[in-house]
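Before any comments, here is the structure.
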Amino acid sequence: MRLLDPKVRASPVRVLELLDPEFVEIGASGRRWDVRSILEVTGDGSVSPKSPVTVSELAGTVLAPGLVHLTYFTDHRGRRAWRSSLWRRAEAGWRMYFHQATPVG
């Protein structure tokens, strides 16, 4: 949820604390993202404090020691998506390794 926080998104340092160095995302647009491309758009205002992202139906499953799969539903200004992410534990803490968003019509 911290990655949806506009204050976190505005800080590349804070974003890097949450993304695995090998992070990959397949966005709702179909675009493939990595750490570098995410940092290029960090702080672009895509998540406005006046228009928070609504999260529901959050569920998590431990796949293996140090690996968790999260699924949840988001709504941001009517743009709705199912989201799935893999988080793995590193020495620095939990970091997102993979993320995929599937738009809902």
Side-chain angles (χ1 to χ4, degrees):
M1 300 304 100
R2 287 186 291 166
L3 285 168
L4 297 175
D5 182 333
K7 292 176 185 173
V8 172
R9 291 175 59 92
S11 169
V13 171
R14 291 177 75 186
V15 170
L16 282 174
E17 290 172 351
L18 296 169
L19 295 182
D20 189 274
E22 298 176 20
F23 171 78
V24 173
E25 174 178 340
I26 308 300
S29 66
R31 179 176 174 183
R32 183 183 185 279
W33 300 83
D34 59 16
V35 173
R36 193 187 89 225
S37 59
I38 289 291
L39 290 177
E40 288 173 3
V41 298
T42 297
D44 70 352
S46 63
V47 177
S48 166
K50 295 178 183 176
S51 178
V53 176
T54 302
V55 176
S56 61
E57 301 187 49
L58 180 65
T61 302
V62 176
L63 299 177
L67 185 65
V68 173
H69 178 225
L70 294 178
T71 58
Y72 55 100
F73 185 81
T74 60
D75 188 334
H76 182 239
R77 293 188 245 176
R79 186 171 181 203
R80 303 167 12 163
W82 279 108
R83 298 183 179 271
S84 174
S85 60
L86 294 174
W87 289 77
R88 67 180 179 180
R89 189 174 191 106
E91 286 185 31
W94 287 95
R95 293 185 172 196
M96 187 186 300
Y97 173 74
F98 177 79
H99 181 78
Q100 182 163 358
T102 303
V104 175

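Keep in mind that what you see is a predicted model, and the values were worked out from it rather than measured.
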Legend entry - Shortest non-hydrogen separation from Arg79 to Ser29 and the atoms involved: NH2-N, 4.2 Å

Inset, instruction - Indicate if Leu3 and Leu86 have the same hydrophobic cluster label, given that clusters are the connected sets of ILVMFWY residues with side-chain heavy-atom separations under 4.5 angstrom. - result: no

Inset, instruction - Indicate the ring-plane relationship of Tyr72 and His99, choosing parallel, tilted or perpendicular according to the 30° and 60° boundaries. - result: tilted

Inset, instruction - Please report the closest heavy-atom contact between Gly105 and Arg80, naming both atoms and the distance. - result: O-NH2, 4.2 Å

Legend entry - Inter-residue atom distance Phe98.CZ - Arg88.CZ, 0.5 Å rounding: 13.0 Å

Legend entry - same_hphob_cluster(Val24, Leu16) at 4.5 Å side-chain heavy-atom cutoff: no

Inset, instruction - Mind running side chain to side chain contact (heavy atoms under 4.5 Å, CB included) on Trp82 and Val104 for me, showing each step along the way? - result: CA-CA 7 Å; Trp82 279 108; Val104 175; 3.5 Å; yes

Legend entry - Minimal non-hydrogen separation, Gly60 against Leu70, with atom names: CA-CD2, 3.6 Å

Legend entry - hydrophobic_cluster_shared for Val55 and Phe73, side chain cutoff 4.5 Å: no

Inset, instruction - Drop me the distance from Asp34's CG to Glu25's CD, to the nearest 0.5 angstrom. - result: 10.5 Å

Legend entry - Check against side chain to side chain contact (heavy atoms under 4.5 Å, CB included), Lys7 and Arg14: CA-CA 9 Å; Lys7 292 176 185 173; Arg14 291 177 75 186; 4.2 Å; yes

Inset, instruction - Can you spot which of Thr102, Thr71, Thr74 makes a side chain to side chain donor-acceptor pair (under 3.5 Å) with Arg83? - result: Thr74

Inset, instruction - For Asp20 and Val35, work out which heavy atoms get closest and say how close. - result: O-CG2, 3.3 Å

Inset, instruction - Tell me, with the steps shown, if Leu18 and Met96 meet side chain to side chain contact (heavy atoms under 4.5 Å, CB included). - result: CA-CA 6 Å; Leu18 296 169; Met96 187 186 300; over 6 Å; no

Inset, instruction - Identify the two heavy atoms, one from Arg95 and one from Pro21, that lie closest to each other, and give their separation to 0.1 Å. - result: NH1-CD, 4.0 Å

Legend entry - Hydrophobic cluster membership, Trp94 vs Phe23, 4.5 Å side-chain cutoff: yes

Legend entry - Hydrophobic cluster membership, Val8 vs Leu19, 4.5 Å side-chain cutoff: yes

Legend entry - Taking every non-hydrogen atom, the tightest pair across Ala81 and Ala101: CB-CB, 4.5 Å

